[in-house]
Amino acid sequence: MARSAIASTRDRSTAERLGSVTTGNALELRGVTKLFGALAAISDVTMSVRPGERRAVLGSNGAGKTTLFNCVTGDFLPTSGTIRLFGEDLTNFPAHERIRRGLRRTYQISLLFGGMTVADNVYLACLGVSRGRFSLLRPRPSDAIVARADELIAAVHLARVRDTLVSSLSYGQQRQLEIALALAGAPRFILFDEPAAGLSPAERAELVAILSGLPDHIGYIIIEHDMDVALRVAESVTMMHNGRVFKEGTPEEIENDPEVQELYLGGGHG
Amino acid sequence: MADVLPRSEPGRLIVLERIPPAAWVLGVLLLAMPAFASNFVLYQIFGWSFILGMIALSLMVLAGYGGMVSLIQMTVAALAGYVVAILGTSGVPQISLGWPWWLHIPLAIVIAMLFGTLVGALAVRTEGIYTIMITLAIAAAFFYFTRQNYGIFNGYTGFNNVIPPRWFDIDWRQSVPFYYLTLACATLSYLAVVWIGRTPFGLALQGVRDNPRRMSALGFSVTAHRILAYTFASVIAAFGGILLVWQNAQVVPGTAGIPQVIDILVIAVVGGLRRPIGPFIGAFIYAILSVFSSDILHAIGMSGERFKLVVGLGFLAVVGFSPDGVLGLWDRYQARRETNRDALLGGRR
Ligand SMILES: Nc1ncnc2c1ncn2[C@@H]1O[C@H](COP(=O)(O)OP(=O)(O)OP(=O)(O)O)[C@@H](O)[C@H]1O
Ligand SMILES: [Mg+2]
């Protein structure tokens with residue numbers, strides 16, 4: 001159900017056509033480093049993710065996972081290194097240009113418009129990746145973009161609170177809304193920053209359903225502390241430690257890796 | 001607050017907003033005003049309030065919708081007035097070109113709009129106090145430039161005898177025609193700003209105000225939205241500026257002197273920046289105080305020159321009681337009434 005709502009057929013074919021034009025990797029990072037003063041939040045990160053691949057990024061607090069996302073989406077520019085999305089070098093692009101090319105993200109700490117309704121939040125997300133961002137005509141219920149926003153709201157189970165102010169939503173609902181914002185338009189690659197953190201078991205199940213229901217061509221990276229969730233929604237795993245890529249492999253390889261077990265499962269994270 | 005999308009009521013296609021009864025009453029009252037108000041009140045109090053309200057409204061667009069406090073609005077208005085004087089007719093025939101109104105008025109709007117957009121492009125990369133500083137610096141530069149430039153701006157003397165064209169063979173500087181002219185312009189500007197607030201552009205602008213980082217992460221160019229807000233605001237300020245120059249029949253460097261530039265900020269803040277009606281409330285209070293406070297001061301034996309003191313104290317009082325101006329006071333009063341009623345009706349909300 002989520003699947004059909006999230007990718008209307010037209011969006012999917014557009015994205016697939018775009019995906020087939022470019023060859024190679026969906027996301028490719030080469031030697032990406034981000035310094036905050038003397039602190040290297042991430043250093044020399046090189047990784048690549050194939051189109052449609054679903055990758056989990058693990059790592060203890062402060063390992064640099066969120067910083068990696070910030071560099072990829074352009075929330076800030078990396079100190080050095082290059083970032084390619086579907087073959088195109090985006091390293092120095094502003095964030096909005098990357099988003100318009102099909103990149104999406106969610107924030108670890110929800111970054112929503114608290115003073116607006118759920119409908120307006122999702123509408124904004126759909127508007128941001130459409131033409132007509134500067135339109136001076138008011139939206140009407142018959143507009144395609146309004147219909148699309150409503151589909152998304154239904155897909156993340158927020159239809160009941162469509163006209164509610166976001167600031168009065170529950171925590172779990174705000175996390176759902178974060179996801180809806182990342183699914184607007186025709187996403188090709190999504191970065192999920194700890195979407196399951198703080199959710200109830202039932203809400204987690206819903207999240208897993210939404211993620212597994214995404215159309216196959218949409219790849220993503222998910223940061224997730226909870227191994228159970230991570231291993232259910234990802235086919236490959238990158239372990240980060242102290243701002244570096246520490247291990248890469250299949251979930252089984254990572255789970256059974258003695259070094260990983262010592263470092264990650266043994267202790268360190270909360 | 002933004003609430004742009006139509007509510008999910010099935011089949012509802014109404015784009016018009018519900019017009020509250022208070023607005024009908026106000027509308028009828030304003031239309032009927034010439035029947036009972038004196039010429040002085042129509043021209044000096046209401047005409048001036050509508051004009052200052054429009055210029056302050058342009059600041060409300062930037063500050064209320066966009067979160068940018070600009071001090072350039074009065075300068076944009078004055079520039080439009082100058083262009084009307086320079087390209088149209090004035091008492092300085094050696095400079096004024098005497099072009100017809102259908103040419104010089106649109107040109108004045110466009111030139112002021114381009115100027116406002118340019119200032120916006122310089123200002124939007126700064127935040128908070130720096131935006132105020134950079135726009136104030138440009139406003140000051142414009143003031144000194146016009147005062148020293150005699151070739152185009154006629155320096156210290158400026159232009160006198162700048163009057164509206166005789167549309168429909170009416171003298172628009174007569175109190176009643178001028179009242180209706182300014183009322184119409186103010187109403188149109190007000191409606192335009194209300195309208196914009198619920199369009200994709202306006203919603204995005206409010207999104208940029210609340211959370212620029214998230215807006216970029218949704219695909220919006222924050223910079224482009226902010227600059228276009230300046231463009232839109234400049235058009236309103238330009239209309240206000242032309243009316244202001246017609247009202248005084250003159251434009252001089254002091255039209256946009258530093259005190260006048262600051263006054264627009266005061267008007268907008270006192271009225272309230274959250275809704276488009278706020279600047280008009282502020283302008284009305286300002287006009288009343290400016291016109292009558294010298295009489296009051298004389299009556300209690302002080303110099304009439306001190307009216308700025310009264311305005312300043314009023315400003316402090318309003319901002320002290322209510323950081324969001326008179327509108328904020330009103331909203332809180334309404335909210336209290338609501339809660340009381342809720343208590344009576346058993347929590348109907
Ligand atoms: N904007 C910033 N300014 C300064 N230091 C920062 C900034 N953002 C992150 N850091 C630092 O960079 C390091 C990596 O932080 P980051 O948020 O990327 O870690 P993380 O892996 O996402 O951790 P968590 O699991 O807690 O979310 C930390 O030491 C953090 O303090
Ligand atoms: Mg993090």
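Residue numbers start from 1 in every chain, and the chains themselves are labelled A, B, ... in the order their sequence lines are given, proteins ahead of strands.
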| query | Can A/Leu68 and A/Leu29 be said to form a side-chain contact (heavy atoms from CB on, under 4.5 Å), step by step? | reply | CA-CA 10 Å; A/Leu68 183 71; A/Leu29 307 181; 3.6 Å; yes
| request: Please test A/Val156 against A/Val122 for side-chain contact (heavy atoms from CB on, under 4.5 Å), starting from the C-alpha separation and ending with a verdict. | output: CA-CA 11 Å; A/Val156 295; A/Val122 179; over 6 Å; no
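Residues A/Val233 and A/Glu224 are not in side-chain contact: their nearest non-hydrogen atoms beyond the backbone lie 4.5 Å or more apart. Counting heavy atoms from C-beta on, the side chains of B/Thr199 and A/Leu137 never come closer than 4.5 Å.
Taking a cutoff of 4.0 Å between a charged side-chain nitrogen and a carboxylate oxygen, A/Arg175 and A/Glu178 do not qualify as a salt bridge. Taking a cutoff of 4.0 Å between a charged side-chain nitrogen and a carboxylate oxygen, A/Arg98 and A/Glu88 do not qualify as a salt bridge.
Listed options A/Ala95, A/Ala159, A/Ser135, A/Ala184 were ranked by heavy-atom pairs under 4.5 angstrom with chain B; first place goes to A/Ser135. Contacts with chain B were tallied for A/Asp143, A/Leu181, A/Ile145; A/Leu181 has the most, counting heavy-atom pairs under 4.5 Å.
Between the A/Thr91 side chain and the A/Ile83 main chain, a donor and an acceptor come within less than 3.5 Å of each other. Although no hydrogens or angles enter the test, the distance criterion places a donor-acceptor pair under 3.5 Å between the side chain of B/Thr131 and the main chain of B/Thr126. Formation of a donor-acceptor pair under 3.5 Å by the B/Arg275 side chain with backbone atoms of B/Leu327 is not found in this model.
Contacts with chain B (heavy atom to heavy atom, under 4.5 Å) involve these residues of residues 105-113 of chain A, listed by number: A/Arg105, A/Tyr107, A/Leu111, A/Leu112, A/Phe113. Below 4.5 Å, heavy atoms of chain B meet heavy atoms from A/Asn70, A/Asp75, all part of residues 69-80 of chain A. Within residues 218-240 of chain B, the residues having any heavy atom under 4.5 Å from a heavy atom of chain A are, by residue number, B/Leu218, B/Gly219, B/Phe220, B/Ser221, B/Ala224, B/His225, B/Leu228.
Taking CZ of B/Arg209 as the start and CD of B/Gln206 as the end, the distance is 5.0 Å to the nearest 0.5 Å. Taking CG of A/Leu35 as the reference point, atom CD1 of A/Ile42 lies at 9.5 Å (rounded to 0.5 Å). Atom CZ of B/Phe115 and atom OG1 of B/Thr75 lie 6.0 Å apart (nearest 0.5 Å).
Cation-pi geometry between A/Arg101 and A/Phe86 is not met: the NZ or CZ atom fails to fall both under 6.0 Å from the ring centre and inside 45° of the normal.
Partners of B/Ala268 according to the side-chain contact (heavy atoms from CB on, under 4.5 Å) rule, which considers only residues two or more places apart in sequence or in another chain, are B/Ala56, B/Leu59, B/Leu273.
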